[in-house]
Structure formats: structure tokens, C-alpha cells
Amino acid sequence: MCNTCGCNITPGNRPFVLAEKPTNGTTTVTVLKNLLAKNDSQAEHNRSHFDARKVLAINLMSSPGSGKTALLEATIKRLNGSLGLAVIEGDLETENDAARIRAHGVPAHQITTGTACHLDAHLVHDALHHIDLSSIDILFIENVGNLVCPASFDLGHHLNVTLLSTTEGDDKPAKYPVMFRAADLMLITKTDLLPFLDDFSPERAEQALRNLASKAPVFNLSSRQNDDSGLDAWIDWLHQQLQAHRNKLAQQQTTRPNVQRDGQLLHADPAQVRFRPVVKAGAPA
């Protein structure tokens, strides 16, 4: 949870901030730890809603413009009604993305966060009041475009999918390890542009992911080309994950996302935290 840019405060959890009553010894860290605890409690509540209705909730994360909404549009077309879908869209402003999804006949609710650069469990819960899950198989949560904070918050979802477009650097997994470590699947998007780009290598991008000790599968695809085999692999993956999740539910289990906590001081007993010394470049370790 970010303690510097203020993104830890969202329209969803702001009431809890206002409810905090300063007392002797109360610190910003304590307040933020309380916010995170409330978020995680709400996430469990959200997940119980999904599980009760056998809905698989997938969190889509990426930088802005990587093609999340285009991927959803292509997915809707390819599935052609074979699965019940719904979408929660997250952006700072506008209803543009939700309108694009609704144009394909799929229910979508837009969350506008104002200044917060990620969604949280409270915002997702509020959105669920606008979506009927009774006929839904997969709920996609398109998170705010940002390669840092979204990976640190449990929304009550089950899986993380991280997109990396060919118009970005193939070293993004190395530069933004928190986001890519959280991925259950990495999609390299906009592959139809590869013939025009000489500075992006899908192989280097996958190696950067492997260097993080991630075993997540990697699919290369284009949402603009109907004959792209990568899109078929994506659709097959969705069917497999939905079935695997429902198999778990039949055994009274659930699927949990890989949440990457970026503020360890907010989640650990301070007595158990050990600090590593900062070593300047050129100085002996």
C-alpha cells in the first residue's frame, strides 16, 4: 500500500479514514494498517459472493493503453455467448470503457476513482450492487491502468492477468517486478505490430518474467486479428481456469490471488521486521 502518493485513500475506503479517531500513539502507519485490514476483510466478503454463485473473478492489470478493453471486446466476440460475462471497469474518469463493453451486449459497471490509481475491495463491492451475478460465469475486473499499485490489493478476485503490449519495453517485468510477480498469466498484446517494431522481443519479455522466478504461462496475441492463435490459447485458458475453480468449490475450497504487498511495514509486526543496510554504489557490501 503506497504511503507516499496518497493512493491508499480511495472513494471506497475514505469513510474509514474519517472514522479513525486520533489517540495517543496513533500514527499514519497504524491508520493504513487498519485500512488494509478492512480491505482484506471486504475482499473475503466479495470472494464469498463470487464463490456462492460459482463465478470466476479475474483481475486485469497493465499500464494504460496496453489493450485491456480491446482484449475484452475480442473475448466477448470469440466466446459468442457461450459463457456468461460481466465487467467492472476502473478508471480515474469517464465511462468510455464501460460503454464499449455494453455495446457488445455484456453488462458493465464503471468505477471512477477520481485520483486513486487502483481499485480496492470496497469499490468492487459497491459495483456488485449494479451487477446481477446469477447468470455470470466469469467477471472481469479491468483495473486502473498502472503498473505498480493494483497488484498490492486483494479485491476478492481469484486470478491476476497482467498485460504487456509490444509498444512498451520488453524489460517491463524487470522494471515493475511487483506487478509481474502477481501474474497468474502474462499476455503479450498487440503482436500484430511486431513487424513494425524492432525494439521489442517477446522472448526477452518472457525471460524477464522468468528471471522473477515466475512460472506463469505467457501467450502472445492480437485482439485485432481473428486468426491469431494466441487468442484461442487465451480462450482455452479461461475455460480451464473456470473448470479448475469450480472443481475447488466442489471441495469447499477457493482460488486466491497472488497479492504482492509493497509496504511490508504495514503488514508485519515491527518487532519482526529486519532492516538491511543501504549500500552505496561502489562501496563494499
Worksheet entry | Test side-chain contact (heavy atoms from CB on, under 4.5 Å) applied to Glu95 and Arg102, Glu89, His109, the passing residue | Arg102
Worksheet item: Quick one: which of Ile188, Leu187, Leu221 gives a side-chain contact (heavy atoms from CB on, under 4.5 Å) with Leu163?
Response: Leu187
SB check [X] [Y] (cutoff 4.0 Å):
X	Y	answer
Glu44	Arg256	yes
Arg78	Asp232	yes
Glu73	Lys77	no

So [Y] and [X], do their side chains get closer than 4.5 Å, heavy atoms only?
X	Y	answer
Phe219	Leu231	no
Ile235	Thr75	yes
Val144	Asp91	no
Leu159	Asn59	no

Minimum-distance pair of heavy atoms, taken over all atoms of [X] and [Y]:
X	Y	answer
Leu71	Ser223	CA-OG, 3.3 Å
Ala86	Ile131	CB-CG2, 3.9 Å
Leu197	Thr166	CD1-O, 3.2 Å
Ser165	Lys190	CB-CD, 4.0 Å
Ala70	Arg224	CB-NH2, 4.1 Å
Thr162	Ala183	OG1-CB, 3.4 Å

Fill in: Stepwise side-chain contact (heavy atoms from CB on, under 4.5 Å) test for Val161 and Asp184
CA-CA 6 Å; Val161 174; Asp184 295 291; 5.9 Å; no
Side chain of [X], backbone of [Y]: donor and acceptor closer than 3.5 Å?
X	Y	answer
Asn143	Leu119	yes
Asp137	Leu83	no
Arg100	Asn96	no
Asn160	Ala182	yes
Asn258	Arg181	yes
Asn146	Cys117	yes
Gln110	Ala98	yes

Worksheet entry | Residue pair Asp120 / Asn39, side-chain donor-acceptor N/O under 3.5 Å | no
Worksheet entry | Asn247 versus Gln251, side-chain donor and acceptor atoms under 3.5 Å | no
Discussion item. Over 60° means perpendicular and under 30° means parallel, so tell me whether Phe153 and His118 are parallel, tilted or perpendicular.
Written reply: parallel
Item to complete: Look at the aromatic rings of His45 and His125 and report parallel, tilted or perpendicular, splitting at 30° and 60°.
Response: tilted
Worksheet item: Do the side chains of Leu249 and Leu238 join up, straight or via other hydrophobic residues, at under 4.5 Å, putting them in one cluster?
Response: no
Practice prompt. For Lys68 and Ser62, run side-chain hydrogen bond (donor to acceptor under 3.5 Å, both in side chains): C-alpha distance rounded to whole Å, both residues' side-chain angles, the deciding distance at 0.1 Å, then the answer.
Written response: CA-CA 8 Å; Lys68 295 188 295 298; Ser62 76; 2.9 Å; yes
Item to complete: For side-chain contact (heavy atoms from CB on, under 4.5 Å), just list the numbers for Thr189 and Glu168, CA-CA rounded to whole Å, side-chain angles, deciding distance to a tenth of an Å, and then say yes or no.
Response: CA-CA 10 Å; Thr189 61; Glu168 304 172 74; 5.8 Å; no
Practice prompt. Kindly determine whether Leu139 and Ile88 satisfy side-chain contact (heavy atoms from CB on, under 4.5 Å), including the steps that lead there.
Written response: CA-CA 8 Å; Leu139 172 72; Ile88 293 175; 4.0 Å; yes
Worksheet item: Run the side-chain contact (heavy atoms from CB on, under 4.5 Å) check on Glu206 and Arg210 step by step: do they pass?
Response: CA-CA 6 Å; Glu206 181 170 355; Arg210 300 295 171 234; 3.1 Å; yes
Show me, pair by pair, the donor-acceptor contacts under 3.5 angstrom made by side chains of residues 169-180, not counting sequence neighbours?
residue : atom : partner : partner atom : Å
Asp170  : OD2  : Ser201  : N            : 2.9
Asp170  : OD2  : Arg204  : NE           : 2.9
Asp170  : OD2  : Arg204  : NH2          : 2.8

Worksheet item: Going through the distances and angles, do Asp51 and His158 end up as a side-chain hydrogen bond (donor to acceptor under 3.5 Å, both in side chains)?
Response: CA-CA 10 Å; Asp51 291 351; His158 301 107; 2.8 Å; yes
Item to complete: Applying side-chain hydrogen bond (donor to acceptor under 3.5 Å, both in side chains), run through Thr191 and Asn220 and close with a yes or a no.
Response: CA-CA 7 Å; Thr191 55; Asn220 303 334; over 6 Å; no
Fill in: Working for side-chain hydrogen bond (donor to acceptor under 3.5 Å, both in side chains), residues Ser134 and Asp132
CA-CA 6 Å; Ser134 62; Asp132 180 7; 2.8 Å; yes
